[in-house]
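Quick notes on the structure that follows.
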Amino acid sequence: MEETNDLMRQRKDKLNEIRKAGIDPYPHQYAPTHTTENIRVEFEEVTETPDDTNRVTVAGRIMTKRDHGKSSFANLQDSTGQIQIYVRRNDIGAESYSVYRRFDVGDIIGLSGVVFRTRTGELTILADTVELLSKSIRPLPEKWHGLQDKQTRYRQRYADLIMNPEVKEVFVKRTQIVQAIRNMLNEQEFIEVETPVLQPIYGGASARPFTTYHNTLDQSLYLRIANELYLKRLIVGGFDRVYEFSRDFRNEGMDRDHNPEFTMLELYQAYADYLEIMELTENLIAKTVENIHGTTKISYQDQEIDFTPPWRRMTMIESIQEHTDIDPETLSAHEMSTKAKTAGIELDGDESFGEIIAEIFDALVESKLIQPTIIYDYPIEVSPFAKKKPENPELVERFEFFICGMEVGNAFSELNDPIDQRQRFMEQASNLAKGDEEAFMVDEDYLRALEYGMPPTGGLGIGIDRLTMLLTDQYSIRDVILFPQMRPEN
RNA sequence: GAGCCGUUAGCUCAGCAGGUAGAGCAUCUGACUUUUAAUCAGGUGGUCACAGGUUCGAUUCCUGUACGGCUCACCA
């Protein structure tokens, strides 16, 4: 990593010169009185005449430098923005000024001075003391085009954040989204909990796990693919409303809306069914959107999206009838399978009716659901933790919601019948034996918990990364994850 | 996993019917005390991703590899 080019060698030479002049290029502490944002607010009325009452001390990174012989302008960037500084030899003294002239774009400095406006009206700090807080020996990207290369931006997010202020905004918003949701859930008496990331049995979703090993226990452990079964154990234990922002790990492909590690909010509410969770979902999301944007109507990749509740609701079968020429209510499994294959869907041939319906939905309907849409009543075969519909045991009380063609959340009336749950596990176990790598393992301890009795419960999972993509208008999940997964550089 | 595209100076990018490379910014030297993509003059800076092949000669053509982007497949 120790690349040497002329630019870095020159900067290291400057570093040594500064040290020889008796100055510590990496001092321990500095005490700014203002951020650049503070200054913009506090000194809005300031005039072109410097007035000693408008004194500030600031710290930040030099982003541009315009030297003019015995004076110099520079732009200083701190965590809140940028401000222009003006340094004159007469004000800071010849010795200080010659040190200042050795400062480079990228250096972090502190300065005290007086806020005024230049002739052109730009808010500026006229410095009377300037000091180096951290010498930068690696040159920043060019000031005008900034850092464009995606590979470098993802691998060196620090450089991306320095150069591209809009990137920082995305991640500030991401935090605001999480905070908004957390505040609303707390107000509704949900309790935030933490459950294991390292799990002896993975479950709660269909995905291949990452496997690791615990030396002392001498056993394999899995990084969680979901925390569903742990949260429901807590419902059994008597927490009636729980949630967790969970980093989950799935050993699957990567693309514009999949990263191997991602964040999911899961919540469970005792005595609720999926209809109540639908309402909760619409309100939670709509209020989050409003909190971030001040309105429930936003634009994503040039599409207008309206989050105002209530959202459109369709059963999965209705959605297939609407968006395809396939009608699951009149066709046999064989006819469905033929239609699906004609539409280019690959099937093994041993899929059940319900599995074919789910395949058709995924392939032909999902991408057409642009406005927030709740799709409900799923085939039982693809929903092993959801409760059957009383009037139709082939379907379960489950819904997912879709926005801009993306699945953003998943919810159901939780299956709390331990006998039924055991049967569903057994079917999964036989699928696992048949080689379905994404089938579930039997979780005897979870069954034991259900045997004690779990109240009727509604549960919900929301993909926080995808929600953030929508609310920050980012096309790729990599742009809402600070350090997206990448192959090694070398 | 497949297809297409990309990888040239610190950054953003040109270029090459095959003859060992260019711009802007950055950087260095000099001038300059209200500039803001500062200006003016003059310099420095390259394993053209990596490895093979064709050729008198390859950054350029071909093949392979690595990394990345997009699309598809996979993804309750």
Side-chain angles (χ1 to χ4, degrees), chain A residues 3-11 13-14 48 50 63-75 82-92 97 104-106 116-124 126 136-155 159 163 203-208 225-226 228 248 250-260 262 264 344-346 355 358 361-363 366 378-386 396 398 400 406-407 409-412 428 436-440 461 463 475-476 478 484 486-490:
Chain A
E3 314 151 29
T4 42
N5 58 51
D6 282 354
L7 296 174
M8 288 187 69
R9 229 172 293 135
Q10 282 161 0
R11 287 185 175 214
D13 290 345
K14 284 187 191 170
E48 289 181 30
M63 296 304 289
T64 61
K65 202 159 174 257
R66 297 176 290 282
D67 289 332
H68 292 253
K70 297 180 187 66
S71 76
S72 170
F73 288 93
N75 281 65
Q82 289 196 8
I83 196 157
Q84 177 167 263
I85 64 172
Y86 185 32
V87 182
R88 293 189 299 203
R89 193 171 76 160
N90 284 358
D91 298 325
I92 68 166
Y97 193 73
D104 292 303
V105 168
F116 76 112
R117 277 187 198 279
T118 61
R119 251 173 230 169
T120 55
E122 171 132 6
L123 205 61
T124 301
L126 180 61
S136 163
I137 59 167
R138 185 177 290 272
L140 287 174
E142 184 232 347
K143 62 189 169 192
W144 190 242
H145 299 91
L147 181 60
Q148 303 288 337
D149 182 66
K150 285 209 166 167
Q151 181 164 190
T152 311
R153 290 184 46 214
Y154 295 148
R155 288 191 195 280
M163 296 309 296
S206 296
R208 287 180 302 187
I225 59 173
E228 164 154 354
D248 293 342
R250 296 187 185 177
N251 208 336
E252 310 273 8
M254 295 156 62
D255 60 27
R256 95 169 180 96
D257 54 7
H258 293 86
N259 193 65
F262 63 101
M264 186 152 70
I345 299 168
E346 285 176 34
E355 284 168 330
F361 176 82
D362 285 350
E366 187 171 325
Y378 277 57
I380 189 167
E381 300 94 319
V382 297
S383 316
F385 296 107
V396 294
R398 172 181 177 191
E400 295 184 308
M406 276 193 295
E407 178 201 333
N410 180 27
F412 23 93
Q428 291 289 319
D436 180 352
E437 286 181 87
E438 289 176 351
F440 302 167
Y475 181 73
S476 168
R478 292 184 207 87
M486 304 281 277
R487 285 197 168 86
E489 274 180 79
N490 298 314

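Lettering of chains follows the sequences in order, A, B, ..., and the numbering in each one begins at 1.
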### Message
Regarding B:U35, can its base be found pairing with the side chain of A:E122 as donor and acceptor, where the two atoms are less than 3.5 Å apart?
### Response
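In this structure, the two groups form no donor-acceptor pair.
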How many Å lie between [atom1] on [X] and [atom2] on [N], as a whole number?
| X | N | atom1 | atom2 | result |
| --- | --- | --- | --- | --- |
| A:E489 | B:U7 | CD | C1' | 14 Å |
| A:D149 | B:C5 | CG | P | 19 Å |
| A:D67 | B:C28 | CG | P | 9 Å |
| A:E48 | B:U35 | CD | P | 12 Å |
| A:R88 | B:U34 | CZ | P | 9 Å |
| A:D91 | B:U34 | CG | P | 12 Å |
| A:M8 | B:C11 | CE | P | 12 Å |
| A:L140 | B:A26 | CG | P | 13 Å |

Under 4.0 Å between any heavy atoms, over every strand shown, what does [X] touch: base, sugar-phosphate, or nothing? Just pick one.
| X | value |
| --- | --- |
| A:R250 | base |
| A:N75 | nothing |
| A:E407 | base |
| A:G204 | base |
| A:M406 | nothing |
| A:F116 | base |
| A:K65 | nothing |
| A:Q148 | sugar-phosphate |
| A:R117 | nothing |
| A:T118 | base |
| A:P384 | nothing |

Check: [Y] main-chain N/O paired with [X] side-chain donor or acceptor under 3.5 Å:
| X | Y | value |
| --- | --- | --- |
| A:R256 | A:Y475 | yes |
| A:D255 | A:D257 | yes |
| A:R66 | A:S72 | no |
| A:E252 | A:R208 | yes |
| A:E366 | A:A363 | no |
| A:D149 | A:T152 | yes |

### Message
Going by salt bridge (Lys or Arg N to Asp or Glu O under 4.0 Å), name the residues that satisfy it together with A:R398, two or more places apart in sequence or in a different chain.
### Response
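For A:R398, the residues satisfying salt bridge (Lys or Arg N to Asp or Glu O under 4.0 Å) (neighbours in sequence not counted) are A:E400.
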### Task
Answer yes or no: does a side-chain N or O of A:R487 lie under 4.0 Å from OP1 or OP2 of B:A66?
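Negative; the distance criterion is not met.
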### N/O (side chain, A:R66) to phosphate O (OP1/OP2, B:U35) under 4.0 Å
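No.
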### Query
Mapping A:N90 and A:T152 to their closest nucleotides on RNA chain B, which lands nearer the 5' end?
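The residue closer to the strand's 5' end, by nearest nucleotide, is A:T152.
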Mind checking the [atom1] distance from [N] to [M]? Whole angstroms is fine.
| N | M | atom1 | answer |
| --- | --- | --- | --- |
| B:G15 | B:C48 | C1' | 11 Å |
| B:G68 | B:C28 | P | 34 Å |
| B:C4 | B:C62 | P | 13 Å |
| B:U44 | B:U33 | C1' | 29 Å |
| B:A23 | B:G53 | P | 34 Å |
| B:U47 | B:C11 | P | 12 Å |
| B:U60 | B:A38 | P | 37 Å |
| B:A26 | B:G46 | C1' | 16 Å |

Quick one: closest heavy-atom pair of [X] and [Y], and the distance?
| X | Y | answer |
| --- | --- | --- |
| A:T118 | A:Q84 | CG2-NE2, 3.7 Å |
| A:R250 | A:A226 | NH2-CB, 4.3 Å |
| A:F116 | A:E48 | CD1-O, 3.6 Å |

#### Entry: Parallel, tilted or perpendicular: rings of A:Y86 and A:F73 (30°, 60°)
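A:F73 and A:Y86: parallel rings.
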Protein-nucleic acid N or O pairs under 3.5 Å, nucleotides 43-50 of chain B:
none

Measure from the side chain of [X], starting at C-beta and using heavy atoms only, and say which of [options] lies closest.
| X | options | value |
| --- | --- | --- |
| A:R155 | B:U34, B:G68, B:G10 | B:G68 |
| A:F73 | B:A26, B:U34, B:U12 | B:U34 |
| A:V105 | B:U35, B:U27, B:U33 | B:U27 |

### Task
Under the ring pair (Phe, Tyr, Trp, His ring centres under 6.0 Å) rule, collect the residues that match up with A:Y378, sequence neighbours excluded.
none
Listing time: all N or O pairs from protein to nucleotides 69-74 of chain B that are below 3.5 Å?
{"from": "B:G69", "atom 1": "OP1", "to": "A:R478", "atom 2": "NE", "distance (Å)": "3.3"}
{"from": "B:C70", "atom 1": "OP2", "to": "A:R478", "atom 2": "NH1", "distance (Å)": "3.4"}
{"from": "B:U71", "atom 1": "OP1", "to": "A:Y475", "atom 2": "OH", "distance (Å)": "2.1"}
{"from": "B:C74", "atom 1": "N4", "to": "A:D255", "atom 2": "OD2", "distance (Å)": "2.9"}

Can you find a pair of side-chain heavy atoms, one from [X] and one from [Y], that are under 4.5 Å apart?
| X | Y | answer |
| --- | --- | --- |
| A:E122 | A:R117 | no |
| A:L140 | A:M163 | yes |
| A:F262 | A:D248 | yes |

### Query
Taking 4.0 angstrom as the limit, do A:D67 and A:K65 come out as a salt bridge?
yes
### Summary
Interatomic distance, CZ@A:R88 vs NZ@A:K70, rounded to 0.5 Å, equals 13.5 Å
### Query
Going from CG on A:L7 to CD1 on A:I137, what distance comes out if it is rounded to the nearest 0.5 angstrom?
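Between atom CG of A:L7 and atom CD1 of A:I137 there are 12.0 Å.
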Nucleotide N/O to protein N/O under 3.5 Å, stretch nucleotides 22-25 of chain B:
{"from": "B:C25", "atom 1": "O3'", "to": "A:K143", "atom 2": "NZ", "distance (Å)": "3.4"}

### Watson-Crick and G-U pairing of RNA chain B, under 3.5 Å, as dot-bracket with | and [ ]
(((((((..((((.....[..)))).(((((.......))))).....(((((..]....))))))))))))....
### Message
Please classify the glycosidic conformation of B:U27 as syn (within 90° of 0) or anti (everything else).
### Response
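Anti conformation for B:U27.
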